[in-house]
Every structure is written in C-alpha cells, then in structure tokens.
A.B. asks: 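The structure under discussion is supplied below as structure tokens; questions concerning it will follow.
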Amino acid sequence: MKAEAKRRNQSVSKLMGMGQRTGDFEGLETKRKQAAQLIERLAKANEGLQAEIAKYKKTSGKLQKRYELERDQRVKLEKERGERLQFINTLGHELKTPLTSIVASGGLLLEELKKGEAQSPRLRLLENIISATGKLQSRLNELLDMAKMETVGFILTFELIDIRPLLRNVVSEFNPVAKEKGQSLTLDLPPSVPMVNGDGEHLDQVLLNLISNAMKFSGEGTKIRVKLRQKGPDLVVSIKDNGPGITEEEQMRIFTPYYRLEADRQRFPGLGLGLTVSKHLVEQHGGKIWVESELGKGSTFLFSLPVAEQEAARAADL
Ligand code: ADP
C-alpha cells in the first residue's frame, strides 16, 4: 500500500514538473510577444519623433528668416525715424529763425517809434505785425510738436527735480499778461514736496498750455488758481478757472487731436493740439491728466506726476 502511494506521488510530481516547464515556455512566449509589441510601438514613436523634429527644424528655419527680416525692417525704420526727426528739426529751425528775428526787430522798432510818437497809426500797425507774428510762432510750435509726437515721439531727458520753482517761473511769466486782462493769477505751494523724475522743459510746456488755456477761455476779471499738492504717491498740479466750463460730453473729447469746443472755434486762436500734446507729455512722465468742470462755473485741469522712487523709498524709511 505504501509502495503504491509512493509511485502515485512520483507520477504527480513528474506531471507537475512537466506543467512547470510548459508554464515557463508560455511565459517566455508572452514576454517575447510583449517585447515585440513594445519594439513596434517604440519604432512608431521614433518615426513620429523624427517627423516632429523635421517639422520643428522647418519652423525654426522659417522663424529665423522672419526674425532676420524683422531685424532688417527695424534697422530701416530706425534710420527713417532719425531722418524724419532731423527733417522736423531742420524745418522748425528754418521757419522759427526768421520769425524770431521779425519779432525781435519789430519790438526794437516799436520802442524807437514810441519815443517819437505816443499814438499813431504806424504804431498800431507795428503792434499788429508783432502780435500776428507771435501767433504764427505759437501755431508753428504746436504743429512741430504734433509732427514730432506723431512720427518719433518727444525725446525727454529725466532728472530729479523740485517742481515748485518751475511753477513759480511760469506763473510769474504769465502775471503781466493776466494783469493786462484784469485776471488774477495766484499760486499755492506747500512748504515742502518730494522730488519727481521729470523733464523740466517739457513740464514747463504742459504748465504753459494749461495756464494759457485758462486765461484764454476765461473772460476778463476771472480768477485762475494754480495749486500743488501731494496725494499719496503722486504730486498733483491743478489749474482752476471760473471761466465758461465744459460739458461732460466735451470733457471726453478735448484731449483728442484737433478737437476744439464749437463755441471757441471762431472766437479764439488755436489748433486744438495743446491738450493732446500735454496729455502725451504727462503720460511720458508716468502721470495722468484730467479735467473736472461744470458748465457755467469753471474748469479745473489737473495732472499728476509720480514721486521719484528714491524719494518714496526715503519717505518709507523715515
Ligand atoms: P487750443 O487751445 O489750441 O484750442 P487745446 O487742445 O489746448 O487747443 O484745447 C482744446 C479745447 O478745449 C479748446 O479749444 C477749448 O474749447 C477747450 N478748453 C481748453 N481749456 C479750457 C478751459 N480752461 N476752459 C474752457 N474750455 C477749455
């Protein structure tokens, strides 16, 4: 009985051994198939990759060509820009020089004539010539500014400045004219203000535009108040008049080139460019310009200039 069981066990073990070998073979076959599939997939992926690389090379070639084309165009444009600026400067010089000479000679002649004759038609004629030439100078400056703005932009030179002396100078320059018109022109400055990064000459031009507008559009005997204040990170200059005021609809349009209020087109000289140029200049300083106005009550034109970073940092340290 024992021998029989032993024999049966041996046969089962044999069979089991055979089964194991069959299992090994099937496992290997499956693995071989899996490997073949993997190789096939890898080959396909590689083909795809090669196609992508070829496409990329083509695109990169095209991009390189486009970059070179744009670089050449940029060089050409820079050259044209330089030529245009030079043309505008030359044109300005050619037109301004004779005008300056006419105004200066006219002024001297006027003084000479006044010595001999207090009132005469000749005096009046000469005064007319001088005044008309002055207007011609202003219009010419506006046109040249606009030409610069539209072609090459203003070229500003920034430095740390205290804006108060600038305001004092412009206001004192305008005071005699205001007096002549019976207008009062006052200036309100704080005892100390932080510096701004600005181009004095061009900020001067903004002030000149805004104060001369206030004087031009407000009637005789009106009040014009120029004020400077610090508001958070900005300095804000305001020019307030009690002139005719501007409707809300027109407030949106007066900063666009050539726009002038219907009522002012015939009555006052100008091209409708002063505010456009001022806006452009203030924005180049990183500031904003706007108007607050009520019809019949007057207008306040305001512009902000960011306090210079060094100054803001110093204030934060204190
Ligand atoms: P210009 O002074 O040559 O007309 P601006 O661009 O300086 O050009 O002004 C545009 C228009 O805005 C002016 O024609 C005028 O109608 C209006 N305007 C400007 N400033 C004032 C002001 N202080 N009061 C009333 N209207 C004004």
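One-based numbering, in listed order, for ligands and for the atoms of each.
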A.B. asks: Looking only at side chains, do T222 and Q183 share a donor and an acceptor under 3.5 Å apart?
C.D. replies: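 A pair is found: one side chain offers a donor N or O, the other an acceptor, under 3.5 Å apart.
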A.B. asks: Find out whether F303 and V206 are in side-chain contact, i.e. whether some heavy atom of one side chain is under 4.5 Å from a heavy atom of the other.
C.D. replies: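 Answer yes - side chains close enough.
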A.B. asks: Given the rule in the side-chain hydrogen bond (donor to acceptor under 3.5 Å, both in side chains) test, do D145 and Q205 qualify, once you have shown the distances and angles that lead to the verdict?
C.D. replies: CA-CA 11 Å; D145 277 344; Q205 194 178 344; 2.5 Å; yes
A.B. asks: Can you list every protein residue that has a heavy atom under 4.0 Å from any atom of ligand 1, sorted by chain and residue number?
C.D. replies: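 Around ligand 1, where the cutoff is 4.0 Å for heavy atoms, the contacting residues are N213, A214, K216, F217, D241, I246, I254, Y259, R260, L261, D264, G270, L271, G272, L273, G274, L275, S299, F301.
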A.B. asks: Check side chain to side chain contact (heavy atoms under 4.5 Å, CB included) between Q34 and all other residues, then give those that pass, not counting sequence neighbours.
C.D. replies: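 Listed in chain order: T30, K31.
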A.B. asks: Taking salt bridge (charged side-chain N to carboxylate O under 4.0 Å, His left out) as the definition, give me every residue that meets it alongside E40, ordered by chain and number, with sequence neighbours left out.
C.D. replies: none
A.B. asks: With sequence neighbours excluded, give me every ring pair (Phe, Tyr, Trp, His ring centres under 6.0 Å) pair touching residues 149-178.
C.D. replies: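 Checked against ring pair (Phe, Tyr, Trp, His ring centres under 6.0 Å) - neighbours excluded - the pairs reaching residues 149-178 are F154-H202, F154-H280, F158-H285.
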